[in-house]
Amino acid sequence: MSLDRVARERLVRALAASVIEHADELTSLDQAIGDGDHGLNMKRGFEAVLAALPGLADKSLPEMLKAIGMTLVMKVGGASGPLVGTFFMELGKALPGQPSRADLVAATEKAIEAVKARGRSDAGQKTLLDVLVPVHAVLAGGGDAKAIAAEAMQAADRTTPMQALRGRASFLGERSIGHMDPGSRSASLLIGAAVETLELGVNT
Amino acid sequence: MSNVGIVIVSHSPKVAEGAADMVRQMVGDAVPLAWTGGDVDGGLGTNVAGILEAIETAWSPAGVAILVDLGGAETNSEMAVEMLPEDRRARVLVCNAPVVEGAVIAATESSGGSSLAAVKRSAEEFYA
């Protein structure tokens, strides 16, 4: 996977667009089982990321990812800021400048562990980890971009019948069942945008 | 002043300020105190930069106890603590206590010269 400056800028724009274009949908998901600010929060964060272009794409891939993470931490405002921000920062710390697929598998695993620690959570609690963990399994198993994107969307769908055990939705107990987790939805959108832009093949 | 500092973090700046008013009424100026609330655009929420600033304002060599309201306030506070210089990190604790009552009790405990661990314990015992 070779990412030149043009590709890095394209990646940042695709990530931001995936969230910003779905801000209303994320907000309505969050209004059902949370406090209704997820769309607005993520939009604010990624607008700040876009505002850091073009300089942001001048950085190496690891430095760029760390900067995106820090921007999200500082700007998002809800719990998703530190969670999604930590994912990007840890990914940046773990990836080399021109990562192989094996590097990507190892780095995303580290980043997912960091998100678990930050949220004191794990898969099964109706959080973004319910997307990150199964998507990582497909990535590690050699799945191509299409398979990874499909798993991300399906994993978000699978949070609908789950009961929330972490985050604001957990206050609702059983009433959190029947609604898709907003954090899982935004994670699936970001993953979909990333793999489409990276054109991640089986061997890259 | 070497009493433990208190930081109040709420999604609502009004709640945070109101809780701080109650603390001041109880303990006067005996305890370093700061509050923060709202996202970076002034809406309901919390933000790491605001929390870092509040920790700086309430800084004490004895440490700082942070009282938070809901989920994001806790996650953002933990993130802020991690971003502190290493020598300060271990001297800032997030309390698992209700924000208003916890802040008043923590400040009362602090005003008597108690340690950071004792301040945190007092605030959290209220919860039990």
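Per chain, numbering begins at 1; letters A, B, ... match sequence-line order.
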K.L.:
Take a 6.0 Å sphere around CZ of A:Arg175 and say whether it holds more than 12 heavy atoms from other residues, nucleotides or ligands.
P.N.:
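Counting other residues, nucleotides and ligands, CZ of A:Arg175 stays at 12 neighbours or fewer.
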K.L.:
Where is the tightest heavy-atom contact between B:Met83 and A:Met70, given as atom of each residue plus distance?
P.N.:
CE-SD, 3.6 Å
K.L.:
What's the spacing between A:Arg118 CZ and B:Glu78 CD if we round to 0.5 Å?
P.N.:
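Rounded to the nearest 0.5 Å, the CZ-CD separation comes out at 7.0 Å.
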K.L.:
Between A:Met74 and B:Val40, what is the shortest heavy-atom contact and its length?
P.N.:
O-CG1, 3.7 Å
K.L.:
Could you check whether atom NZ of A:Lys59 has more than 12 heavy atoms from other residues, nucleotides or ligands sitting under 6.0 Å from it?
P.N.:
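No, not enclosed.
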K.L.:
Determine whether more than 12 heavy atoms belonging to other residues, nucleotides or ligands lie under 6.0 Å from atom CD of A:Glu47.
P.N.:
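For A:Glu47, atom CD is crowded (more than 12 foreign heavy atoms under 6.0 Å).
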K.L.:
Measure the spacing between CG of A:Asp35 and CG of B:Leu70 and express it to the nearest 0.5 Å.
P.N.:
8.0 Å
K.L.:
Taking everything shown except A:Lys66 itself, do over 12 heavy atoms lie less than 6.0 Å from its NZ?
P.N.:
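Counting neighbours around NZ of A:Lys66, more than 12 heavy atoms of other residues, nucleotides or ligands fall under 6.0 Å, so yes.
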K.L.:
How close do A:Asp37 and B:Leu44 get, counting heavy atoms only, and between which atoms?
P.N.:
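For A:Asp37 and B:Leu44, the tightest heavy-atom pair comes out as OD2-O, 4.5 Å.
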K.L.:
Counting only non-hydrogen atoms closer than 4.5 Å, does A:Arg168 touch chain B with its backbone (N, CA, C, O), its side chain (CB onward), both, or neither?
P.N.:
side chain
K.L.:
If you draw a 6.0 Å radius around CG in A:Asp24, do more than 12 non-hydrogen atoms from other residues or ligands fall strictly inside?
P.N.:
no
K.L.:
Write down the atom of B:Asn76, the atom of A:Gly77, and the distance for their closest heavy-atom approach.
P.N.:
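Between these two residues, the closest heavy atoms are ND2-O, 3.2 Å.
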K.L.:
To the nearest 0.5 Å, tell me how far A:Thr86 OG1 sits from B:Glu82 CD.
P.N.:
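With rounding to 0.5 Å, OG1 (A:Thr86) is 7.0 Å from CD (B:Glu82).
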K.L.:
Kindly compute the distance separating CG (B:Asn47) from CZ (A:Arg44), expressed to the nearest 0.5 Å.
P.N.:
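Spacing of CG (B:Asn47) from CZ (A:Arg44) equals 9.0 Å.
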